[in-house]
A.B. asks: 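A single structure is presented below for examination.
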Amino acid sequence: MKIGIIAPLKLLKYNTTKIHYCLPRLITENEEYRKFMKLRLGRGDTVIMDCKSLYWQREPEDIYVVGDALLLVRPTYIIYPSYMYDIKATLALIEAYTELFNRYRLRSIPCVEGASREGFKRCLESYKSKEIAIPNHTFGLFDQTIIKDRFVIYIDNCKMAEELVGYGDGILVTSLPIRLGLLGRLLSNPKPMPPSLTYTEDVELPALERVIDRNVKEMIELYEEGSV
């Protein structure tokens with residue numbers, strides 16, 4: 001499985017793989033972040049733009065913000081917005097955003113929602129696309145058998161580093177190594193779950209930098225070398 005590190009604005013140096021995750025509002029509001037993503041695209045790396053808000057819960061970014069971001073950065077993949085657990089509201093978003101994505105001829109990825117296994121399966125079956133995104137709050141609602149024929153982008157594992165080991169050839173984008181490192185904790189010490197990113201985080205202590213660096217390297221090795 002390929003892996004990308006989700007990093008705060010001031011910690012982009014830890015985004016060391018060829019997979020990069022970005023949010024539209026940060027693209028429009030932060031020049032350094034925007035330049036970073038454009039530079040990586042220019043190098044041939046993969047940039048995934050997720051149309052979610054900055055808040056921890058999964059809610060859609062304003063379509064006008066997404067449109068402004070696409071004028072500045074043309075991502076490799078763009079993930080449709082969704083509402084956390086809410087299938088009906090999520091599906092209602094598809095038509096409006098499809099028109100925008102088609103305008104730029106983007107490789108667009110629908111996000112699978114659901115509050116139960118049955119709901120997850122129903123949402124999955126409503127998508128004709130073989131490429132899907134699965135957010136972390138639904139990780140417990142599926143097994144590999146129902147996604148085996150799909151290319152999957154997994155959005156930010158939360159419980160433990162090994163949560164998705166063995167899940168095949170998709171992409172995992174994760175902030176877990178950094179969120180734990182900011183608390184001075186290694187990947188082997190995931191509980192209690194660290195808070196979500198605000199994207200304004202910074203590192204003041206050299207000791208924390210060493211922990212984050214170790215976490216990032218171990219996470220990359222875990223998936224790129226041992227997950228398939």
Side-chain angles (χ1 to χ4, degrees), residues 1-6 15 17-27 37 45-61 63 65-66 69-70 73-98 100-102 104 106-117 119-159 163-164 167-176 196-197 223 227:
M1 183 180 293
K2 295 180 180 179
I3 188 168
I5 304 299
I6 302 175
N15 194 340
T17 74
K18 293 184 177 295
I19 305 292
H20 312 282
Y21 173 92
C22 68
L23 297 177
R25 190 166 294 274
L26 297 180
I27 291 292
M37 296 302 168
D45 289 0
T46 296
V47 171
I48 300 166
M49 184 181 291
D50 188 0
C51 297
K52 72 175 291 293
S53 70
L54 293 178
Y55 304 108
W56 71 268
Q57 66 267 45
R58 189 166 182 86
E59 293 182 347
E61 182 55 88
I63 193 169
V65 173
V66 176
L70 291 175
V73 171
R74 196 74 55 88
T76 314
Y77 299 102
I78 190 161
I79 299 175
Y80 276 98
S82 67
Y83 282 99
M84 201 168 184
Y85 300 115
D86 193 329
I87 300 172
K88 184 177 181 180
T90 294
L91 295 179
L93 292 168
I94 298 295
E95 184 175 352
Y97 283 80
T98 295
L100 174 63
F101 297 166
N102 286 346
Y104 291 94
L106 296 172
R107 194 168 174 179
S108 52
I109 312 290
C111 193
V112 186
E113 289 289 353
S116 65
R117 285 182 175 270
F120 182 95
K121 185 177 181 181
R122 187 168 68 253
C123 186
L124 177 66
E125 290 174 346
S126 71
Y127 296 140
K128 296 179 181 179
S129 173
K130 290 295 184 181
E131 300 175 322
I132 58 171
I134 300 180
N136 55 36
H137 57 272
T138 65
F139 283 0
L141 302 181
F142 69 93
D143 57 49
Q144 290 174 270
T145 60
I146 67 170
I147 60 170
K148 64 179 180 180
D149 296 325
R150 311 264 188 161
F151 169 79
V152 183
I153 297 175
Y154 300 95
I155 305 172
D156 210 2
N157 63 321
C158 288
K159 293 181 179 179
E163 190 171 11
L164 294 168
Y167 272 65
D169 295 325
I171 293 174
L172 167 63
V173 289
T174 177
S175 65
L176 186 61
S196 59
L197 292 182
Y223 281 91
S227 68

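Values in this document were obtained by computation on a predicted structure and should not be read as measured data. Atom set for the values below is all heavy atoms of this structure, side chains included, hydrogens, waters and symmetry mates excluded.
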A.B. asks: Report the C-alpha separation of Leu93 and Tyr80 in whole Å, then their side-chain angles, then the decisive distance to 0.1 Å, and conclude whether the side-chain contact (heavy atoms from CB on, under 4.5 Å) test is met.
C.D. replies: CA-CA 8 Å; Leu93 292 168; Tyr80 276 98; over 6 Å; no
A.B. asks: Does Thr90 use its side chain to pair, donor to acceptor, with the backbone of Tyr83 at less than 3.5 Å?
C.D. replies: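 Yes, Thr90 side chain to Tyr83 backbone: donor-acceptor pair under 3.5 Å.
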A.B. asks: Side-chain contact test, heavy atoms from C-beta onward, threshold under 4.5 Å: evaluate it for Met1 versus Ile3 and give yes or no.
C.D. replies: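 Sidechains of Ile3 and Met1: no contact.
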A.B. asks: The test is side-chain contact (heavy atoms from CB on, under 4.5 Å); show your working for Ile109 and Ile48 and say whether it passes.
C.D. replies: CA-CA 10 Å; Ile109 312 290; Ile48 300 166; over 6 Å; no
A.B. asks: Looking at Gly119 and Ser116, what are the two nearest heavy atoms and their distance?
C.D. replies: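 The answer is N-OG, 3.0 Å.
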A.B. asks: Kindly assign one of parallel, tilted or perpendicular to the pair Tyr85 and His137, based on the angle between their ring planes and the thresholds 30° and 60°.
C.D. replies: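 Geometry flag for His137 against Tyr85: perpendicular rings.
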A.B. asks: Starting at CD1 of Ile132, measure out to SG of Cys123 and round the result to the nearest 0.5 Å.
C.D. replies: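 Rounded to the nearest 0.5 Å, the CD1-SG separation comes to 9.0 Å.
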A.B. asks: Quick one: does any side-chain atom of Arg150 pair with a main-chain N or O of Ser129 as donor and acceptor, under 3.5 Å?
C.D. replies: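 Checking the backbone N and O of Ser129 against the side chain of Arg150, a donor-acceptor pair under 3.5 Å is found.
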A.B. asks: Anything under 30° is parallel, anything over 60° is perpendicular, the rest tilted; go ahead and classify Phe142 against Phe120.
C.D. replies: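 Parallel: the ring planes of Phe142 and Phe120 meet at under 30°.
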A.B. asks: Can you check side chain to side chain donor-acceptor pair (under 3.5 Å) on Thr174 and Tyr21, steps first, answer last?
C.D. replies: CA-CA 9 Å; Thr174 177; Tyr21 173 92; over 6 Å; no
A.B. asks: Is there a side-chain contact between Ser53 and Leu23, using heavy atoms and a 4.5 Å cut-off?
C.D. replies: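 They are not in contact (no side-chain heavy atoms under 4.5 Å apart), so the answer is no.
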A.B. asks: Which pair of non-hydrogen atoms, one from Leu100 and one from Tyr104, has the smallest distance, and what is that distance?
C.D. replies: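 Smallest interatomic distance, heavy atoms only, reads O-CD1, 3.4 Å.
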A.B. asks: With no hydrogens and no angle check, is any side-chain donor or acceptor of Tyr223 less than 3.5 Å from a backbone partner on Leu164?
C.D. replies: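 The answer is yes, because a donor-acceptor pair under 3.5 Å joins these two groups.
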A.B. asks: Could you tell me whether the side chain of Glu113 reaches within less than 4.5 Å of the side chain of Pro135, counting heavy atoms only?
C.D. replies: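 Side chain of Pro135 against side chain of Glu113, heavy atoms only: contact under 4.5 Å found.
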A.B. asks: Rounded to the nearest 0.5 Å, what separates atom CD in Glu61 from atom OH in Tyr97?
C.D. replies: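 The distance works out to 7.5 Å.
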A.B. asks: Could you tell me the separation between the CG atom of Leu124 and the CD1 atom of Ile134, rounded to the nearest 0.5 Å?
C.D. replies: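 The CG atom of Leu124 sits 7.0 Å away from the CD1 atom of Ile134.
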A.B. asks: Which pair of heavy atoms, one from Ile63 and one from Ala96, lies closest together, and at what distance?
C.D. replies: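 In this case the closest contact between Ile63 and Ala96 is CD1-O, 3.8 Å.
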A.B. asks: Counting heavy atoms not belonging to Glu95, are there more than 12 under 6.0 Å from its CD?
C.D. replies: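 Atom CD in Glu95 is not packed in, count stays at 12 or less.
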A.B. asks: Do the non-hydrogen side-chain atoms of Thr76 and His20 ever get within less than 4.5 Å of each other?
C.D. replies: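 No, every pair of side-chain atoms sits at 4.5 Å or beyond.
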A.B. asks: Parallel, tilted or perpendicular: which fits the ring planes of Phe151 and Tyr77, with parallel below 30° and perpendicular above 60°?
C.D. replies: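 The rings of Phe151 and Tyr77 lie parallel, inter-plane angle below 30°.
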A.B. asks: Less than 4.5 Å apart, side chain to side chain, heavy atoms only: is that true for Thr98 and Ser108?
C.D. replies: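 A side-chain contact under 4.5 Å is absent here.
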A.B. asks: Is any side-chain heavy atom of Lys159 less than 4.5 Å from a side-chain heavy atom of Asn136?
C.D. replies: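 No, every pair of side-chain atoms sits at 4.5 Å or beyond.
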A.B. asks: Considering non-hydrogen atoms only, spot the tightest contact between Ala69 and Met49 and give its length.
C.D. replies: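 So the minimum-distance heavy-atom pair works out to CB-CE, 4.1 Å.
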A.B. asks: For a quick test of reading the model, state the closest non-hydrogen atom pair linking Asp45 to Lys18 and the distance between them.
C.D. replies: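 In terms of heavy atoms, the two residues are closest at CB-O, 3.4 Å.
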A.B. asks: Rounded to the nearest 0.5 Å, how far apart are CD1 of Ile171 and OG1 of Thr46?
C.D. replies: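 Answer rounded to 0.5 Å: 6.0 Å.
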A.B. asks: Work out which heavy atom in Pro24 is nearest to a heavy atom in Cys51; give both atom names and the distance.
C.D. replies: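 What the structure gives for the nearest pair is CG-CA, 4.1 Å.
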A.B. asks: For the NZ atom of Lys121 and the CD1 atom of Ile147, what is their distance to the nearest 0.5 Å?
C.D. replies: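 Rounded to the nearest 0.5 Å, the NZ-CD1 separation comes to 13.5 Å.
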A.B. asks: May I ask you to check whether Ser196 and Tyr55 show a side-chain donor-acceptor distance below 3.5 Å?
C.D. replies: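 Side-chain D/A pair, Ser196 to Tyr55: absent.
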A.B. asks: For Arg58, is there an ion pair with Asp156 - N to carboxylate O distance below 4.0 angstrom?
C.D. replies: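 Between Arg58 and Asp156 there is no salt bridge, as every charged N stays at least 4.0 Å from the carboxylate O atoms.
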A.B. asks: Which value, rounded to the nearest 0.5 Å, describes the distance between Leu54 atom CG and Leu26 atom CG?
C.D. replies: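 Answer rounded to 0.5 Å: 5.0 Å.
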A.B. asks: Measure the shortest side-chain to side-chain distance between Tyr127 and Val112 over non-hydrogen atoms and say whether it is less than 4.5 angstrom.
C.D. replies: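 With C-beta onward as the side chain, the pair touches.
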